[in-house]
Amino acid sequence: HVQLVESGGGSAQAGGSLRLSCTVSGHDDGSGVMGWFRQAPGSEREGVAAINSDGATNLADSVKGRFTISKGTTNTKQTLYLQMDSLKPEDAATYYCAMRPLISGAPPLTSAQYTFWGQGTQVTVS
């Protein structure tokens, strides 16, 4: 079965950078849509960035120009990345990696459309 494992969370100062990674196991053919979501305490889970199998991306307005989503392969496993630059205190949240089957059009940023989820990694910004 599909497993998603996030890493790279931690603390950063405002204006700093962090890079999140999500390693995929159980689904190695590279198809499907992958995305990053975040949830702050007391808030709903929101879509941050998503990427299709052909590399098309979709980013939330709040992170455009600061965050970059990409995919690669690490030790033969598909890996999803989120490069976060110019961090703001409002970026602090638990970040989740998610995956869903391939869909036509722009990769969605709606959590309900995703099937598989990681356990999350905490990001704090001071």
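The first residue in the sequence is number 1, and the count goes up from there. Since the model is a prediction, treat every value here as computed from it, not as a measurement.
Counted by atom type alone, Arg38 and Tyr95 present one or more donor-acceptor pairs between their side chains at under 3.5 Å. Side-chain N/O atoms of Thr94 and Gln122 include a donor and acceptor closer than 3.5 Å. A donor and an acceptor atom, one from each side chain of Thr79 and Ser21, are nowhere located under 3.5 Å apart.
Residues Trp117 and Ser111 meet the side-chain proximity criterion, which asks for heavy atoms closer than 4.5 Å. Counting heavy atoms from C-beta on, the side chains of Val5 and Gln119 never come closer than 4.5 Å. Between Ser17 and Gln83 there is a side-chain heavy-atom pair separated by less than 4.5 Å. Here the side chains of Val48 and Phe67 are in contact, with some heavy-atom distance below 4.5 Å. Counting heavy atoms from C-beta outward, Leu20 and Val123 have side chains that approach closer than 4.5 Å. Looking at heavy atoms from C-beta onward, Pro108 lies in side-chain contact with Val33 at the 4.5 angstrom threshold. Considering only heavy atoms from C-beta on, Met99 stays 4.5 Å or farther from Thr115 through its side chain.
No single ILVMFWY cluster, assembled from side-chain heavy atoms under 4.5 Å apart, contains both Tyr114 and Met34. A chain of hydrophobic side-chain contacts below 4.5 Å, direct or via other Ile, Leu, Val, Met, Phe, Trp or Tyr residues, connects Ile103 to Phe37. In terms of hydrophobic clustering, with Ile, Leu, Val, Met, Phe, Trp and Tyr side chains grouped at heavy-atom distances under 4.5 Å, Leu59 and Leu87 are assigned to a common cluster. If you chain together hydrophobic residues whose side chains sit under 4.5 Å apart, Val63 and Val125 fall into the same group. Residues Ile69 and Phe116 fall within the same hydrophobic cluster, defined by Ile, Leu, Val, Met, Phe, Trp and Tyr side chains chained together at heavy-atom separations under 4.5 Å.
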Carefully, step by step, assess Glu6 and Leu82 under the rule side-chain contact (heavy atoms from CB on, under 4.5 Å). CA-CA 10 Å; Glu6 302 97 336; Leu82 184 68; over 6 Å; no
Can Lys64 and Asp61 be said to form a salt bridge (charged side-chain N to carboxylate O under 4.0 Å, His left out), step by step? CA-CA 5 Å; Lys64 283 181 180 176; Asp61 288 343; 3.1 Å; yes
Does the pair Ile51 and Trp36 meet the rule for a side-chain contact (heavy atoms from CB on, under 4.5 Å), with working shown? CA-CA 9 Å; Ile51 186 167; Trp36 287 101; over 6 Å; no
Would you check, one step at a time, whether the test side-chain contact (heavy atoms from CB on, under 4.5 Å) holds for Gln78 with Lys71? CA-CA 7 Å; Gln78 183 181 355; Lys71 294 193 302 182; 3.8 Å; yes
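Nearest heavy atom pair, residue Pro107 against residue Ala56, reads CG-O, 3.5 Å. Residues Ala40 and Ala92 share a closest heavy-atom pair of CB-O, 3.9 Å. Residues Leu102 and Ser53 share a closest heavy-atom pair of CD1-OG, 3.2 Å.
No side-chain donor-acceptor contact under 3.5 Å links Asn52 to the backbone of Asp54. Of the possible donor and acceptor atoms, one in the side chain of Arg100 sits under 3.5 Å from a partner among the backbone N and O of Gln113. Panel note: side chain Asp91, backbone Met84; no donor-acceptor pair is recorded below 3.5 Å.
Distance check: Thr68 OG1 to Asp85 CG gives 6.5 Å after rounding to the nearest 0.5 Å.
Shown here are the side-chain hydrogen bond (donor to acceptor under 3.5 Å, both in side chains) partners of Tyr96, two or more places apart in sequence or in another chain: there are none. Under the rule for a side-chain hydrogen bond (donor to acceptor under 3.5 Å, both in side chains), Thr110 has no partner lying at least two apart in sequence or in another chain.
Taking a 6.0 Å sphere around CD of Gln13, one finds it holds 12 or fewer heavy atoms contributed by other residues, nucleotides or ligands.
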